[in-house]
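Here's the structure we're looking at; comments come further down.
Each ligand, and each atom within it, is numbered from 1 in the order the structure gives.
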Amino acid sequence: VNDSTIPVEAIPAMAHHGGTHALTSSPVVGSPSRAYEPVFRPGAEALELDEIRVTVLGSGDPFPRRAQASGSILIEVGNPQRDLFLFDLGSGALANLGSLELPVESINKVFLTHLHADHTGDLIGLFGGYAKAGRTDPIEVWGGSSDVPGLGVGAFVEHLLGLCRWDRSSLMGWRPTSGFDATVHELPFDEPATIYERNHVQIRSFPAIHGLNGALSYRLDFGGCSVVFSGDTRPNRFLVEAARGTDLLIHECFQPPAVVAEASGLDPDVIALVLKAVHTIPDQVGQIFAMARPRMSALWHLDLRPGVEAVLADVRRHYDGPVVVTQDLTVFNITPGAVVVRQAQTDPLPPIAHGPSMKPPRTESPLAIPAWFQDAILEI
Ligand SMILES: [Zn+2]
Ligand SMILES: [Zn+2]
C-alpha cells in the first residue's frame, strides 16, 4: 500500500509554521471538569489537586534545532509541594524549561532514560546556570546502573560535576555552591523497580532496549492517573506491560529508515540496521499503541521536517485511538476525567521565577584571587 493514498485525519499547522494547536485531531479525551484556554500560557493556570501536567521540552533527535530541542519532558503534579520532575534534558530543552517561568529552586529532580548526548546535553546548564540563577539545593539524579565499570549514571554524574569544577570554584566566597551538589540513584538495568515514593507520587523504572545495559523507561503515578515515558527503545514487552491502560503514553518514534537516510544523508543500509536494533518506527509505534491502549498516545523524538502525514498513516494501519505528534512545548493536562493536549505560548525572554528552597544554602571559602589581576585591572 502506498502511504500517500491512505486518508489521514486533518491536523493543525506545526508550531514553527505559526500553528497554535497540538498536532492531533483528538485534543480532548474524556470530559474535562474545568474549562481550558485554547493555548497554555505559563503562570495562568494552577494545577488542580489531582492533576498532572506534562510538557514536552524537547521533541527532537540528536541534531538540536530551534524548532525541536533534543529529548526532554517535564512532569508537574498537583500535590501540595508542586513537585517537578525532569525526564532527560537534551540540548535546547533548558531554554524551553525557562520559558515556563517555574521557580528555579524547584528544578531539583532529574530522571535519565540513558546517557546519549541528545538526552543529557543541557545538564551542565542545569547545574551551573541554575545555581547562579538561585537554585541552592542539590540535584537528585536517577538513572541506569551498568554491568560495565564507568558506564552507570553514578560515574556520569561524578564526571559531570568534575566538568563543573571551574564554574563552582568561581562562585566560592561569592555565592552558595550547594547547587553544584548531586545525589545519585543508580537503578536496575534488567528488571522493573519502584524507585520513588514521596508526597503521593510513585515512579517506576523498567528496562529499555537501546544499545547497552542502563537504558530505562519510566512510569509516574499520581492522583489515580499515570504517564509512561519510553525514552529511546526498540519495541519491548516491559513497556507494553507498564503502559497498558495508562492515561498518557509518550513513545519514541523515528521516521522510517528511507526517510531518515534521505534527511540525514547517511547510508540507508546502516540507518535501517540502527533503527531496527535500537529505535522504533511508525509502523511499530502503531502496534505498541494498539497493545497498550492508553487514553492518549503521543509520538516523540520524531524529526518533523519530513512531515507527519506518512507517519500517522503508518500508525493508523494498527491503531485508531487518540494520537498526538509532540512538538516542543506540547502540553498535556491529565485528570481522572480527561486528557487535554495543547501548545504553550511562552515569552522568548522570560523573567527568572523564584520559590522556596528545601535546605539552607551552603557556601565555600574562596580561592585566592590571582595576584596579576591587579596589574591588568582598569579601575574605571
Ligand atoms: Zn539514545
Ligand atoms: Zn535519543
Side-chain angles (χ1 to χ4, degrees), residues 54-74 86-97 110-126 141-146 148 150-153 155-157 160 187 189-190 205-218 228-236 238-239 249-257 259-261 263-264 266 270-282 284-285 288 298-306 308 311 325-328 330:
V54 180
T55 304
V56 176
L57 302 177
S59 61
D61 62 16
F63 187 62
R65 286 175 277 195
R66 287 178 58 211
Q68 285 196 281
S70 292
S72 177
I73 71 167
L74 168 75
L86 278 176
F87 290 83
D88 293 345
L89 198 64
S91 297
L94 202 55
N96 283 332
L97 174 64
V110 181
F111 297 75
L112 297 174
T113 62
H114 64 296
L115 304 177
H116 273 149
D118 58 315
H119 300 254
T120 59
D122 268 2
L123 284 173
I124 285 185
L126 183 63
V141 182
W142 289 258
S145 55
S146 176
V148 179
L151 295 193
V153 72
F156 177 87
V157 172
L160 183 70
L187 311 175
F189 60 77
D190 56 356
S205 66
F206 45 99
I209 299 181
H210 189 59
L212 301 172
N213 280 333
L216 302 172
S217 304
Y218 292 98
V228 172
F229 178 50
S230 70
D232 289 7
T233 188
R234 70 186 281 175
N236 74 79
F238 286 113
L239 183 125
L249 168 57
I250 299 177
H251 200 290
E252 76 127 282
C253 182
F254 269 70
Q255 296 275 357
V259 177
V260 173
S264 64
L266 301 174
V270 174
I271 292 293
L273 285 174
V274 169
L275 293 191
K276 187 167 172 49
V278 300
H279 288 294
T280 305
I281 61 173
Q284 296 170 319
V285 175
I288 296 287
L299 307 177
W300 164 87
H301 208 301
L302 179 75
D303 179 4
L304 297 176
R305 186 177 160 79
V308 300
V311 170
V325 179
T326 61
Q327 308 175 88
D328 285 17
T330 295

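- Under 2.8 Å from the Zn ion (ligand 2) lies no N/O/S atom of E252, from backbone or side chain alike.
- In this structure, Q68 contributes its side chain and F63 its backbone to no donor-acceptor pair below 3.5 Å.
- Taking the Zn ion (ligand 1) as the corner point, the angle from H114 atom NE2 to H116 atom ND1 is about 90° (rounded to 10 degrees).
- The NE2 atom of H119 and the OD2 atom of D118 subtend an angle of 90° at the Zn ion (ligand 2), given to the nearest 10 degrees.
- Among F229, W142, F238, F111, the single residue meeting the ring-ring contact (aromatic ring centres under 6.0 Å, His included) criterion with Y218 is F111.
- For the Zn ion (ligand 2), the nearest N, O or S atom contributed by D232 is named OD2.
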Can you list the steps and then say if N213 with S146 is a side chain to side chain donor-acceptor pair (under 3.5 Å)?
CA-CA 6 Å; N213 280 333; S146 176; 5.9 Å; no
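- Contact annotation: H301 places an N, O or S atom under 2.8 Å from the Zn ion (ligand 2).
- Coordination check, H279 versus the Zn ion (ligand 1): failed, since every N/O/S atom of the residue sits at 2.8 Å or beyond.
- Exactly one of D61, T326, D232 qualifies for a side-chain hydrogen bond (donor to acceptor under 3.5 Å, both in side chains) with H301. That residue is D232.
- Between the CZ atom in F156 and the CG atom in L151 there is a gap of 12.0 Å [rounded to 0.5 Å].
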So D122 and L126, side chain to side chain contact (heavy atoms under 4.5 Å, CB included) or not? Walk me through it.
CA-CA 6 Å; D122 268 2; L126 183 63; over 6 Å; no
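- For residue D61, no N/O/S atom approaches the Zn ion (ligand 2) to within less than 2.8 Å.
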